[in-house]
Amino acid sequence: MIPTLHTIKDVYADASAHEARYAGILNKFQSLYGRKPEFVTRAPGRVNIIGDHIDYSYYSVLPMAIENDFVIAVATTDDHKVSLANLDPRFSGCTFEMPQHGDVEIDAVNMVWSNYFKCGVVVANRYMREKTPGFRPKGMQIVVHGNVPAGGGLSSSAAFVVSATLAVLRSNGYDKVDKKLLVKLSTTCEQLIGVNSGGMDQSASVFGEKDHALFVSFRPELDVKPMQFAQTTPFVLIIANSLLEVHKHDSAPECYNLRVVEVTLAAKLLEKRLGITIPQDGLLSAGTLRGVMECFSGKEASIANLKAMLPQVEKYLDPEGYTSARIASELGISESELEAKYFTEFPVRFSKLKLYQRAKHVYEEALRVLEFVSIMGDNSPDTLQKLGEYMNASHKSSQTLFDNSHEAVDEIVEIARSAGSLGSRVTGAGWGGCTVHLVPSNKAEAVKKALREQYYAKRYPNAPEDALIESVAGSGTVLLEF
Ligand code: NG1
């Protein structure tokens, strides 16, 4: 269940650093609505330590929740109106009718911040209507504040939609919300605004635990195991934001959604070549690379079963890439069928589909996650070094196979490694955004200094303070009642 807490001391490592922010939210609430909020929801962002772009192929990942989060203060009303205000003056407020039947309209073409809140409204209302036919949602008065950098690969959007979904559920009497249910509902949120997303971020946000990374598995069902690192060599995780904002929604046709299509078509081609029949699951309801592995080498996502897939990728997928015409003919379908099934609901743009590169990344990255997790608790002197090597290999794969890095991100990675980071990689969706670094504590200052002097001073002299942070694993989503 999502815990209900009564003080922010139980949420943050250093609650005093957040007091002014909460006071700001409560004051704004009082001045706008003339009353106190009934409750507050808060959901954190996350940093992914290793395992990117494999959640939507149903392979396990290793993120951790961070302390940056999305806070929503709420009071309910009986007038079916939703009033939305943001403590951050850059985001103007708005009001809309809480639909008593059907979904609230979301204009996914003109992206505004309130759309994320509306996504939570849609999924929560659909769920409550299914549970209670004839159900009528309450109106809401709201003040929100988020401090997860937007477009930075730290899942600001997931933090927002998780917090929003919980706020709508709680407003309508759901005060004991199951964590897995909240993950399930909020994972569908971004699909409503055109991004076909995996489930890693919402899982990390909901299940976050202080001082723990999270080994998140999606098959046979969602499972989250809190994991601790061995502390033989003291280390810190540094997050450095490249400050290249990536607007997932705008870039989706060439980036995120295209990758979803590519890994799916790689699965389809392997299915055909291997003469197997895979379950029609995954984001495009057509099958996944995990499905191929399960049918070909074995049900369990084990190191051996994953390794057995690599020669198949070499044998059956062409590094040259595939045009639409070629993939349609290899799959034995018409180009218009291909278009309708894979390129229409979430449109994509490409010249060649890189099925070989994407599939190789997925199987190898899934392997790296398992190998990383298997040694992260070892009290041996070289554990940290080995973990760093997995992270470095993961970044290499982003550069060369999955093509989700960026030249500025690569520069950060190089600077950090030269100054003493053992493992540096792009984190999250990529194409800009944030990087994560595994740094022995005695090198942390040197790494930060090098990044300040060689990256930020050069490219972003006015970089915000929090572009470069030492991150601790924070707690997950909570309800607060003061
Ligand atoms: P971010 O970094 O939050 O855009 C996205 C997906 C994840 C995962 C990563 C790549 C959403 C909400 N999240 O994360 O599910 O696929 O990319 O590992 O789309």
Side-chain angles (χ1 to χ4, degrees), residues 43-66 68-70 115-116 119-120 123 146 148-165 183-206 214 216-218 222 239 241-242 244-253 255-264 282-283 288-290 346 358 361-362 365-366 368-369 391 394-395 397-398 401-406 409 425-436:
R46 63 98 185 95
V47 62
N48 192 20
I49 300 167
I50 192 161
D52 271 310
H53 290 285
I54 58 172
D55 58 345
Y56 48 92
S57 294
Y58 298 140
Y59 283 114
S60 306
V61 293
L62 191 75
M64 67 182 204
I66 55 176
N68 302 54
D69 55 10
F70 230 98
N115 278 356
Y116 288 97
C119 290
V123 297
V148 188
L154 300 181
S155 290
S156 54
S157 57
F160 195 175
V161 296
V162 168
S163 204
T165 306
V183 171
K184 190 169 149 218
L185 294 180
S186 54
T187 299
T188 56
C189 277
E190 292 198 45
Q191 295 171 359
L192 301 170
I193 46 172
V195 180
N196 216 348
S197 93
M200 159 167 68
D201 307 345
Q202 299 79 3
S203 308
S205 181
V206 169
L214 307 163
V216 182
S217 303
F218 304 95
L222 178 67
I239 301 175
N241 191 337
S242 69
L244 276 165
E245 275 192 34
V246 192
H247 294 287
K248 216 168 25 182
H249 173 263
D250 304 330
S251 63
C255 298
Y256 200 88
N257 290 353
L258 179 56
R259 294 298 178 272
V260 174
V261 167
E262 287 174 311
V263 296
T264 307
L283 290 175
T288 62
L289 287 167
R290 169 140 190 176
F346 297 95
R358 312 312 183 218
H361 167 85
V362 169
E365 183 80 351
R368 279 188 286 271
V369 172
M391 291 172 71
S394 167
H395 187 72
S397 186
S398 286
L401 295 175
F402 214 74
D403 196 15
N404 66 314
S405 189
H406 184 282
V409 169
R425 58 183 296 275
V426 63
T427 181
W431 295 288
C434 282
T435 55
V436 59

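Both counts, for ligands and for their atoms, begin at 1 and track the order of listing. All residue numbers in this chain count up from 1 along the given sequence.
Counting heavy atoms from C-beta outward, Asp403 and His361 have side chains that stay 4.5 Å or more apart. Between Val409 and His395, the closest side-chain pair of non-hydrogen atoms falls below 4.5 Å.
A donor atom on one side chain and an acceptor atom on the other are found under 3.5 Å apart for Glu190 and Ser157.
Note on ligand 1: Ala158 sits outside its first shell, no heavy atom being nearer than 4.0 Å. Judged by the shortest distance from any of its heavy atoms, Asp55 lies inside the 4.0 Å radius around the atoms of ligand 1.
Taking the six-membered ring for Trp and the full ring otherwise, the centers of Tyr58 and Phe218 sit at least 6.0 Å from each other.
Under a 4.0 Å criterion applied to the non-hydrogen atoms of Arg46, ligand 1 contributes the atoms 1 (P), 2 (O), 3 (O), 14 (O). Residue contact check: Glu190 has heavy atoms under 4.0 Å from atoms 12 (C) of ligand 1. Close contacts of ligand 1 with Gly198, meaning ligand atoms under 4.0 Å from a residue heavy atom, involve 15 (O). Short contacts between ligand 1 and Gly428, defined as distances under 4.0 Å to a heavy atom of the residue, involve ligand atoms 2 (O), 10 (C). Ligand 1 places these atoms under 4.0 Å from at least one heavy atom of Asp52: 10 (C), 18 (O). Close approach to Ser155 involves these atoms of ligand 1, each under 4.0 Å from a residue heavy atom: 3 (O).
In terms of polar-atom proximity, defined here as any N/O pair under 3.5 Å, Ala429 does make such a contact with ligand 1. The shortest N/O to N/O separation between Asp201 and ligand 1 falls below 3.5 Å. An N or O contact shorter than 3.5 Å is missing between Tyr56 and ligand 1 by distance.
Checked against Arg425 for a side-chain hydrogen bond (donor to acceptor under 3.5 Å, both in side chains), the options Asn48, Asp52, Thr435 give a single hit: Asp52.
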request  = For the pair Phe402 and Val263, evaluate side chain to side chain contact (heavy atoms under 4.5 Å, CB included) and give the outcome as yes or no after the intermediate values.
outcome  = CA-CA 10 Å; Phe402 214 74; Val263 296; 4.1 Å; yes

